[in-house]
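Take a look at the structure below.
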There are 2 protein chains.
Amino acid sequence: MAKEHRSRRSRGSLSQAEIVAAAIRILDAEGSEALTFARLGAELQASPTAVYRHFASRHDMICAISDELDAISLAGYEPTDDWRADLRELAHRAWQTANTHPAAAAMGMNLLTGGMSELRAVDCVLRALHVAGVHGREAVVQYQVYVNIVLGSSAAQGALLSSPGLVNPQGVWFRTQVYAPVDPAQYPYADAVMSDLRQIDPSEVFSRTVEMFVTSIERMLEGRELSQSA
Amino acid sequence: MAKEHRSRRSRGSLSQAEIVAAAIRILDAEGSEALTFARLGAELQASPTAVYRHFASRHDMICAISDELDAISLAGYEPTDDWRADLRELAHRAWQTANTHPAAAAMGMNLLTGGMSELRAVDCVLRALHVAGVHGREAVVQYQVYVNIVLGSSAAQGALLSSPGLVNPQGVWFRTQVYAPVDPAQYPYADAVMSDLRQIDPSEVFSRTVEMFVTSIERMLEGRELSQSA
DNA sequence: AAGTTTAAGTTAACGCCATTGACTAAGCCA
DNA sequence: TGGCTTAGTCAATGGCGTTAACTTAAACTT
């Protein structure tokens with residue numbers, strides 16, 4: 001029963017990058033509740049408090065994790081001349097990341113990380129808008145709409161996938177707590193489509209949302225041409 | 001220094017409704033970190049653990065708070081025959097609630113509460129879509145898009161308003177942590193609009209997003225008419 | 001109305017967690 | 001080689017959600 005003595009990690013063997021990688025491993029395998037300093041220490045084969053030499057607080061670490069999600073999403077991305085394809089691609093990448101690392105996405109994807117990868121992501125979206133012909137203040141507003149939509153939906157997807165009890169074996173979602181003794185006639189519209197509600201494909205909803213955005217940009221550009229020719 | 005003895009609360013004097021009301025009061029005044037069982041007990045002038053007679057866990061209580069946010073948003077809402085106005089009105093109400101109770105909104109607005117008010121909200125949105133002429137599976141998908149957008153944006157707004165250090169005295173947002181030593185030339189598009197980024201009006205972004213949704217429904221209906229006349 | 005039952009409110013405790021301060025030793029520079 | 005800096009470690013702390021056992025007042029029974 002003697003506590004197994006761990007050899008002290010050599011000086012400089014830890015880094016923010018390694019800690020973030022370990023954290024994501026834990027989140028993927030055991031969910032958001034498992035991400036504690038104790039568990040992190042075990043994963044790193046280091047003292048639980050060693051992390052504090054690299055992050056000021058848990059929140060700081062989570063921001064770094066979130067920024068790493070941005071980095072993962074952008075890895076290998078190359079801008080093109082097709083702004084539609086770029087906006088779809090960037091959205092798709094965020095969505096993919098949320099599906100690959102749901103707990104991490106639920107935890108940090110709607111946070112402002114203040115990190116380099118987030119800045120790069122901002123730049124990529126703004127570039128696509130610029131290529132489309134959206135500039136200045138308008139670009140910033142549209143950027144914010146896009147980010148809200150893409151990151152909001154992705155974070156929600158992460159939460160859905162990583163919260164046990166919300167997803168059944170077939171992978172479709174349902175409500176844990178049934179709307180108890182309610183008169184169905186009181187909520188006829190909800191009642192009528194209850195069965196459909198359980199069978200929504202989240203990725204279809206997401207791509208619809210993204211298409212909605214792309215179309216709205218197209219419309220804006222069309223409107224601009226009209227007013228120019230007038 | 002003797003501990004002030006509180007007279008025991010009489011037997012049925014606590015209720016889920018009163019607890020939720022107290023919780024929202026605390027969240028509004030002191031932010032999400034202040035919502036502890038101890039603080040809640042003080043607010044209710046009751047034992048911290050008394051809450052457990054009414055909610056199975058903290059998470060259950062938060063779901064109830066979230067459902068109350070739905071109730072607040074819907075209070076006084078009356079459906080009309082104008083589906084556009086109804087969708088705007090419902091979105092505006094959620095947004096208003098997020099601005100009035102930011103910490104509560106940040107905490108629970110993208111949760112599935114399983115409560116009655118959520119069900120009523122679902123019914124209201126589906127009704128508006130039905131009036132518009134969107135039914136069945138299509139209605140469910142559009143409903144989900146709408147909910148993701150409205151609740152996602154509102155929850156993000158709540159998080160923004162309730163996280164200290166993200167909002168300056170003038171009310172416009174900025175990043176706490178500046179993107180440290182980065183070559184501006186590496187992210188030219190982000191760099192070019194940095195000053196604009198700090199001056200976005202979130203409510204403008206929100207109404208743009210809602211208009212985008214309404215317009216996309218209109219377009220869908222137009223397309224439907226075209227294919228019918230063909 | 002008296003006795004019984006039930007459960008809401010209380011009390012005290014437990015275990016987990018993030019965080020801190022003091023300690024240790026490994027790499028670095030003079 | 002010897003001191004200095006600091007990453008890694010250890011031990012302790014305070015706050016938190018949660019639980020079990022206890023109290024007591026309302027409600028039910030006959």
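In what follows, every heavy atom counts, from backbone to side chain, and hydrogens, waters and symmetry copies are set aside. Model, not experiment: these values are computed from the prediction.
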Between [X] ([atom1]) and [N] ([atom2]), how many Å, whole number?
X     : N      : atom1 : atom2 : value
A:Y52 : D:dA7  : OH    : P     : 16 Å
B:H59 : D:dT18 : NE2   : C1'   : 16 Å
A:M61 : C:dA18 : CE    : P     : 8 Å
A:F55 : D:dG8  : CZ    : C1'   : 16 Å
B:R58 : D:dT18 : CZ    : C1'   : 12 Å

Inset, instruction - Name all pairs fulfilling the ring pair (Phe, Tyr, Trp, His ring centres under 6.0 Å) condition that reach into residues 38-70 of chain B, sequence neighbours left out, sorted by first residue then second. - result: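 Pairs touching residues 38-70 of chain B that pass the test: B:F37-B:Y52.
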Quick one: side chain to side chain contact (heavy atoms under 4.5 Å, CB included) partners of [X], sequence neighbours excluded?
X      : result
A:A34  : A:I26, A:E30
B:S10  : B:S13
B:I62  : B:R58, B:M107, B:L111
A:A156 : none

Inset, instruction - Sorted by first residue and then second, give each salt bridge (Lys or Arg N to Asp or Glu O under 4.0 Å) pair with at least one member in residues 41-51 of chain A; sequence neighbours left out. - result: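 Counting only pairs at least two positions apart or across chains, the salt bridge (Lys or Arg N to Asp or Glu O under 4.0 Å) contacts touching residues 41-51 of chain A are A:R25-A:E43, A:R39-A:E43.
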Legend entry - For A:D60, all residues meeting side-chain hydrogen bond (donor to acceptor under 3.5 Å, both in side chains), sequence neighbours excluded: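 side-chain hydrogen bond (donor to acceptor under 3.5 Å, both in side chains) list for A:D60, sorted by chain: empty.
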Inset, instruction - Taking side-chain hydrogen bond (donor to acceptor under 3.5 Å, both in side chains) as the test, write out the residues that go with A:R120, two or more places apart. - result: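 Applying side-chain hydrogen bond (donor to acceptor under 3.5 Å, both in side chains) to A:R120 gives none.
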Detail all sub-3.5 Å separations between protein N/O atoms and N/O atoms belonging to nucleotides 20-23 of chain D.
unit_1 : atom_1 : unit_2 : atom_2 : d
D:dA21 : N6     : B:R53  : NH2    : 3.0
D:dT23 : O2     : B:R8   : NH2    : 3.4

Inset, instruction - Identify, residue by residue, the members of residues 29-40 of chain A with a heavy atom below 4.0 Å from DNA chain C, and return them in order of residue number, or none. - result: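 Going residue by residue through residues 29-40 of chain A, the ones with a heavy atom under 4.0 Å of DNA chain C turn out to be A:L35, A:T36, A:F37.
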Legend entry - A:R137: partners by salt bridge (charged side-chain N to carboxylate O under 4.0 Å, His left out), with sequence neighbours left out: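 Partners of A:R137 by the salt bridge (charged side-chain N to carboxylate O under 4.0 Å, His left out) criterion, ordered by chain and then number, come out as B:E204.
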Inset, instruction - Rounded to the nearest 0.5 Å, what's the gap from OG1 on A:T97 to CZ on A:R93? Could you check? - result: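 Between A:T97 OG1 and A:R93 CZ, I get 8.5 Å after rounding to 0.5 Å.
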Legend entry - Flag side-chain contact, heavy atom, 4.5 Å: A:Y143 against B:V193: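 Sidechains of B:V193 and A:Y143: no contact.
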Inset, instruction - With a 4.0 Å heavy-atom cut-off, tell me which residues in residues 11-27 of chain A come close to DNA chain D, sorted by residue number. - result: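 Residues of residues 11-27 of chain A that come under 4.0 Å of DNA chain D are, in numerical order, A:R11, A:G12, A:S13, A:L14.
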